[in-house]
Amino acid sequence: MQDKSYYEILGISKDADASAIKKAYRSMAKKYHPDKNPGDKQAEENFKFVNEAYQALSDPEKRRIYDQFGKEGLQGGGGRGRGGFGGFGGFDDLGSIFEEMFSGGMGRGRGRSRSRGPQQKYELDLGVEMTIDFKEAIFGCKKEVKYSYKDLCKTCDGTGAKDKKLQTCAQCGGQGQVGVRQGFMTFAQTCPACHGEGKTIEVKCPDCKGKGYNEKKDSVTVDVPAGIDNENRLRVAQKGNIGFGKQQGDLYITFYVKPDDTFQRHEDDIYLEVPVFFTKAVMGDKMKIPSLTGELELKLDVGTKDKQQFVFRGEGVSNVHGHGKGSLIAQVKLVYPKKITDEQRELLEKLNESFTGEHAHHENPFESAFEKVKSWFK
């Protein structure tokens, strides 16, 4: 269930309204509630996923972000945790769940066994990856995405069987589960022969070779928003896999950005290493530096230090969610000459002597320390 979309977890369509979302949540919460499935760790985990899905889809703003960017878009937001059973995302009639679960009328007509039909063999949502240039990520662009998707085999209607003929699984007797004995206890697990379907294929479909689907190629042109970053996802509605009832999932594109030789990006900020010759740093000179949109003037402080940073607000990357711009941070890297001539040495010595009050300190920075060490051996 972890890999399913929130819509698939609740068993609803992408255009479900608030009432349908709430109704689906109540149904799934009753199905997987720990009090109804004591000791069932999988049911407990599923209950957490159902709760997480409802918290996202019942909130219009969270749902909008999820529809555009998927689960990653909600990371860092409040109310997403799966750590307990307390957060029910505003579900105001939780008591009715318990009444229906534990009252005398619980499960009317629900306890009867159902005949199992073929289960879809793949998720409807589809993920692909795309690498883009640094400039394309900063300013946005249009990109054509080529991909392959799964389409339900029309010959066998997704069963994977020739003439759609399935037979009852011999290993589980059609139950979809088998008992596994550990010590003096027996546990139920999904049947490995039929994968929980209760049916097996006698003769594979000649068109899909038993897979239940066929691979098809497609392409779509998307608008990549300015400011998109590594591992950001973009959702393209109804461009995913096609399943039963011609339901089609969504296509999720995960982006990876090529590094740039000049600029380094961290979230919405841009870092630029600026080589500065030591004499310019001493004097506090001015210099031109490149920016994302052209050039900027950097005014150095007198005696600028190595790795000192100068911040230019609003000269970074546009936030992909529309929350302003980051900064450009210029970090100084002092550069010294590898060799000097006799004339240059003479000039440097004159410069050194010219710092009258500071000169004496520079000549003997450890004078007091020398005297202290000498005293240790008297």
Side-chain angles (χ1 to χ4, degrees), residues 1-17 20-21 23-25 27-28 31-32 42 46 49-50 52-54 56-57 63 66-71 114-129 145-169 174 176-177 190-220 222 233-254:
M1 188 173 282
Q2 182 176 1
D3 297 328
K4 291 185 177 181
S5 73
Y6 287 154
Y7 293 99
E8 289 177 309
I9 289 174
L10 295 181
I12 56 177
S13 63
K14 301 291 192 303
D15 57 357
D17 59 17
I21 293 172
K23 182 178 179 181
Y25 170 68
S27 175
M28 299 299 284
K31 179 179 179 181
Y32 293 117
Q42 186 59 55
N46 289 345
F49 286 123
V50 168
E52 178 181 324
Y54 180 70
L57 300 184
R63 184 178 181 182
Y66 173 75
D67 285 345
Q68 185 171 4
F69 299 103
K71 295 180 183 179
R114 301 178 183 176
S115 59
R116 293 175 177 268
Q119 296 183 15
Q120 197 158 276
K121 304 179 188 301
Y122 51 90
E123 301 292 341
L124 291 181
D125 286 343
L126 174 64
V128 297
E129 296 179 353
V145 182
K146 297 180 179 180
Y147 65 100
S148 297
Y149 67 93
K150 296 179 177 66
D151 189 6
L152 198 75
C153 178
K154 296 176 176 58
T155 303
C156 65
D157 283 344
T159 62
K162 182 179 180 181
D163 300 326
K164 309 174 191 177
K165 291 182 179 180
L166 296 170
Q167 61 183 3
T168 300
C169 177
Q177 292 184 328
T190 301
C191 175
C194 65
H195 306 290
E197 294 186 21
K199 301 283 185 179
T200 55
I201 298 171
E202 185 174 3
V203 181
K204 291 182 180 180
C205 170
D207 285 350
C208 68
K209 305 298 186 292
K211 295 183 297 182
Y213 62 87
N214 294 303
E215 294 272 356
K216 294 187 177 180
K217 295 185 181 299
D218 199 1
S219 65
V220 62
V222 296
R233 293 205 308 172
L234 191 65
R235 170 180 169 267
V236 185
Q238 295 185 331
K239 284 293 182 179
N241 298 319
I242 301 175
F244 291 118
K246 297 184 178 179
Q247 291 188 18
Q248 187 162 13
D250 299 330
L251 174 67
Y252 287 90
I253 307 167
T254 301

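Count residues from 1 along the sequence.
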key: Donor-acceptor contact below 3.5 Å, side chain Tyr213 vs main chain Gly160   = no

request  = May I ask you to check whether over 12 heavy atoms, not counting those of Lys211, lie within 6.0 Å of atom NZ?
outcome  = yes

task = Just do the side-chain contact (heavy atoms from CB on, under 4.5 Å) check on Lys4 and Phe49 with the steps written out, would you?
result = CA-CA 10 Å; Lys4 291 185 177 181; Phe49 286 123; over 6 Å; no

task = Identify the heavy atoms of Leu10 and Ala53 that sit nearest to each other, and give their distance.
result = CG-CB, 4.0 Å

ask   = Do Gln177 and Cys191 come close enough that some side-chain heavy atom pair is under 4.5 Å?
value = no

Close side-chain approach of Lys165 to Glu202, heavy-atom, < 4.5 Å = no

query = Is the Lys NZ or Arg CZ of Lys216 less than 6.0 Å from the centre of Tyr149's six-membered ring, within 45° of the axis?
reply = no

inquiry  = Within this structure, what is the SG-CG distance for the pair Cys153 and Asp207, rounded to the nearest 0.5 Å?
reply    = 5.0 Å

query = Do Val128 and Val145 have side-chain heavy atoms sitting under 4.5 Å apart?
reply = yes

key: From CA spacing to verdict: side-chain contact (heavy atoms from CB on, under 4.5 Å), Lys146, Ser219   = CA-CA 4 Å; Lys146 297 180 179 180; Ser219 65; 4.0 Å; yes

ask   = Above 12 or not: heavy atoms from other molecules or residues under 6.0 Å from CD of Glu8?
value = yes

Straight-line distance of Asp218 CG to Leu251 CG, nearest 0.5 Å = 9.0 Å

key: Check: Glu52/Tyr6 side-chain N/O donor and acceptor closer than 3.5 Å   = yes

For Gly70 against Arg233, the heavy-atom pair lying closest together = CA-NH2, 3.5 Å

note = Between Cys156 and Ala161, the two heavy atoms sitting closest are CB-O, 3.3 Å

Pairwise side-chain contact, Gln247 with Ile242, heavy-atom cut-off 4.5 Å (strictly under) = no

task = With side-chain contact (heavy atoms from CB on, under 4.5 Å) as the test, would you mind laying out the steps for Asn46 and Ile9 before giving the verdict?
result = CA-CA 9 Å; Asn46 289 345; Ile9 289 174; over 6 Å; no

message = Give me each pair satisfying salt bridge (Lys or Arg N to Asp or Glu O under 4.0 Å) with a member in residues 240-254, each pair once, sequence neighbours excluded.
response = Lys14-Asp250, Arg235-Asp250

Listed partners of Lys204 passing side chain to side chain contact (heavy atoms under 4.5 Å, CB included), at least two apart = Ile201

remark   = One should read off an interatomic distance between Lys154 NZ and Leu152 CG, to the nearest 0.5 angstrom, of 7.5 Å

Shortest non-hydrogen separation from Gly240 to Leu126 and the atoms involved = CA-CB, 4.0 Å

task = Begin with the C-alpha distance, continue with both residues' side-chain angles, and end with the deciding distance and a verdict on side-chain contact (heavy atoms from CB on, under 4.5 Å) for Gln248 and Leu124.
result = CA-CA 6 Å; Gln248 187 162 13; Leu124 291 181; over 6 Å; no

query = Just wondering, more than 12 heavy atoms not from Gln238 lying within 6.0 Å of its CD?
reply = no

ask   = In terms of ring plane angle, is the pair Tyr66 and Tyr252 parallel, tilted or perpendicular, where the classes change at 30° and 60°?
value = tilted

task = Locate the shortest heavy-atom distance separating Ala193 from Cys169; write the atom from each residue and the value.
result = CB-SG, 3.9 Å

request  = Check whether any side-chain heavy atom of Ile253 sits under 4.5 Å from a side-chain heavy atom of Val236, and report yes or no.
outcome  = yes

inquiry  = If you compare all heavy atoms of Val220 against all heavy atoms of Tyr147, which two are closest, and at what distance to 0.1 Å?
reply    = CG1-CE2, 4.1 Å

ask   = Hey, does Asp125 have a side-chain heavy atom less than 4.5 Å from the side chain of Asn241?
value = no

key: For Lys164, the option from Thr155, Asp157, Thr159 that meets side chain to side chain donor-acceptor pair (under 3.5 Å)   = Asp157

request  = Check the surroundings of atom CD in Gln167: do more than 12 heavy atoms from other residues, nucleotides or ligands lie under 6.0 Å from it?
outcome  = yes

query = Do Asp67 and Tyr7 have side-chain N/O donor and acceptor atoms under 3.5 Å apart?
reply = yes

